[in-house]
Protein chains: 2
Amino acid sequence: MFELLFQKFDEKIELSQGEKLLSKSFFIPKKIRKKQYLLQEGDVSKYTAFVEKGFLRCYTIDDKGTEHILQFAFEGWWIADQYSFLTNTPSRYNIDALEDCELLLLTKESEEQMLEKIPKLERYFRLLLQNSLIATIRRLESSLSDTAEEKYNRLLTNCPTIAERVPQHMIASAMGITPETLSRIRKQISLRK
Amino acid sequence: MFELLFQKFDEKIELSQGEKLLSKSFFIPKKIRKKQYLLQEGDVSKYTAFVEKGFLRCYTIDDKGTEHILQFAFEGWWIADQYSFLTNTPSRYNIDALEDCELLLLTKESEEQMLEKIPKLERYFRLLLQNSLIATIRRLESSLSDTAEEKYNRLLTNCPTIAERVPQHMIASAMGITPETLSRIRKQISLRK
DNA sequence: CGGAATGATTGACATATGTCAATGCCATTT
DNA sequence: AAATGGCATTGACATATGTCAATCATTCCG
């Protein structure tokens, strides 16, 4: 159950076998079924989750009942409402599973304890944050300047498997456009080929 | 020259007088004039900058020569191309001063050394990153779901002084819309009052 | 002083995207 | 096999935003 997590650790830092073993004790393994919530709007986020298997989405629901997907999290990714997790305030987001998932949960307390016991992980989490920030800035940039078609191509480049795993209307939602518009964009692209 | 920086430290962590004094030695104070570059596209970013005074912008220039402003950085903010800084690769961004500025620069080496000598700062920089990420996610969310008018109101709420300090066409650029559209939106708002 | 540059506004029109309703497709359930 | 629900597509039309050109005010500078 920890294979992928350790693989991710190895990509950025060097942990001894003992440290890996120790780190295990701070995580809470949890399986959740498709459509189950990991976090609901109004709840305080207690966990940061590492996705060993499956994938989830994070989204809001507006006054009209429309879902706005902010991000997906596939195997090997982390997902959480950082703000709610950090400030202990009720979350504005929903996080639920789009497939059956295997997760590794970390509370704030266990995260802090783990970083104290295994200081090398400080670096891992810092790099993680930096990379998330960089990726989010890029998305913002694209969202501000690109046409919908450019955004779609960028999405496919960054995450090639997404089209097979996620219904099109959810991709549209994550792009901030309507399903109809995405459908038309795809048609135009295919006509040009 | 370090007043504002220390004030920011105090908001998040507790440093002794000695630690503050020590931290000074890692920064390079630098004044730059309005219109001067801190970073140019193609250069490798060597510094993270804390803004003691003045303000700057970070932007790209597209094929047509249009500027796309990604962010402003006022007094008390940090600014850098995290990606270039982190990976030592040429930057895609330009950063220049919109007013005469007083900056405190940090190289990667001095940042690392400083964190080693003053471990409490680890927490400060981690919180800084988390807050940047949260703020960027909110902006992305707004960019994906809100109308231009909502985005404008949100910007004014988050940064009330911006309208007095930044020309309108730059605000429009940071919102990802044209100056003409922003002008019309402002007119509509004023007509409704 | 007067001309040049910069920035904001406005109008006319083009294009991109949203909205709503209808249809068709496919997989699942009954 | 028939019925259902979820999803994608399409058409007609509405709205938001972009583009281009003209004008005006303000500031900058010789």
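Remember, predicted model here, so these are calculated numbers, not experimental data. Naming: A, B, ... by sequence-line order, numbering from 1 per chain.
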Show your working on ring pair (Phe, Tyr, Trp, His ring centres under 6.0 Å) between A/Trp78 and A/Tyr47 and close with a plain yes or no.
CA-CA 11 Å; A/Trp78 289 82; A/Tyr47 305 109; over 10 Å; no
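For A/Lys20, the NZ atom sits in a packed shell: over 12 heavy atoms of surrounding residues, nucleotides or ligands are nearer than 6.0 Å. Environment of NZ in B/Lys108: crowded, with over 12 heavy atoms of neighbouring residues, nucleotides or ligands closer than 6.0 Å.
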A correct 5'-to-3' footprint of nucleotides 17-25 of chain C, with B, S and - meaning base, sugar-phosphate only and no protein heavy atom under 4.0 Å, is SSBB-----
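In this structure, A/Phe72 and A/Phe74 have tilted ring planes: the angle between them lies in the 30° to 60° band.
If you take OH of A/Tyr152 and P of C/dA16, they are 18 Å apart, rounded to a whole angstrom. Atom pair B/Glu164:CD and C/dG7:C1' shows a separation of 17 Å (rounding to whole Å applied).
Contact annotation: B/Lys187 side-chain N/O to C/dT9 OP1/OP2 distance is not under 4.0 Å. Between B/Gln168 and C/dT6 there is no side-chain N or O to OP1 or OP2 distance below 4.0 Å. For the pair A/His169 and D/dA8, the criterion of a side-chain N or O lying under 4.0 Å from OP1 or OP2 is met. Applying the 4.0 Å criterion to OP1 and OP2 of D/dA16, one finds that B/Gln188 has every side-chain N and O outside that range.
The closest side-chain donor-acceptor pair between B/His68 and A/Ser145 falls under 3.5 angstrom.
Seen from the ring of B/Tyr93, B/Arg57 does not count as a face-on cation partner, given the 6.0 Å and 45° thresholds.
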